[in-house]
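Scroll down for the structure; my scribbles are underneath it.
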Amino acid sequence: MAQALAMGARVMLLIAGKPRPHDEHDQRGNRRGVIRAKLLDWLAHSPHASQIAAVRPAQPRHGGAGAVYIVLRKGR
């Protein structure tokens, strides 16, 4: 994110991975999609949190359910 901000980027594409289909026989239970589940928390607590304007779902051609756009604030 620091590199994107230094380059003056306004949008980043972050690929977190698509959630796997839930299998009721899976012994791992809720552990699927951990990265995706924690993503907003990580962004909110990052040193760059004040530079994030929005987090939006990605278009299907950019990863759909497995990705998000991180919209960055304009540099001042």
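Just so you know, residue 1 is the first one in the sequence shown, and it goes up from there.
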Practice prompt. Please report the closest heavy-atom contact between Ala49 and Ala44, naming both atoms and the distance.
Written response: CB-O, 3.3 Å
Practice prompt. Each residue besides Ile15 in its hydrophobic cluster should be listed here, by chain and number; the cluster joins Ile, Leu, Val, Met, Phe, Trp and Tyr at side-chain heavy-atom distances under 4.5 Å.
Written response: Val11, Leu13, Tyr69
Worksheet item: Shared ILVMFWY cluster between Leu40 and Ile52, side chains joined below 4.5 angstrom?
Response: yes
Practice prompt. Check the surroundings of atom CZ in Arg56: do more than 12 heavy atoms from other residues, nucleotides or ligands lie under 6.0 Å from it?
Written response: no
Discussion item. Go through it in stages, so that I can follow the logic: the residues are Met1 and Leu43, the test is side chain to side chain contact (heavy atoms under 4.5 Å, CB included), and I'd like the CA-CA distance, side-chain angles, deciding distance and then a yes or no.
Written reply: CA-CA 10 Å; Met1 190 170 303; Leu43 291 173; 3.7 Å; yes
Worksheet item: To the nearest 0.5 Å, what is the distance between CG (Leu39) and CD1 (Ile70)?
Response: 6.0 Å
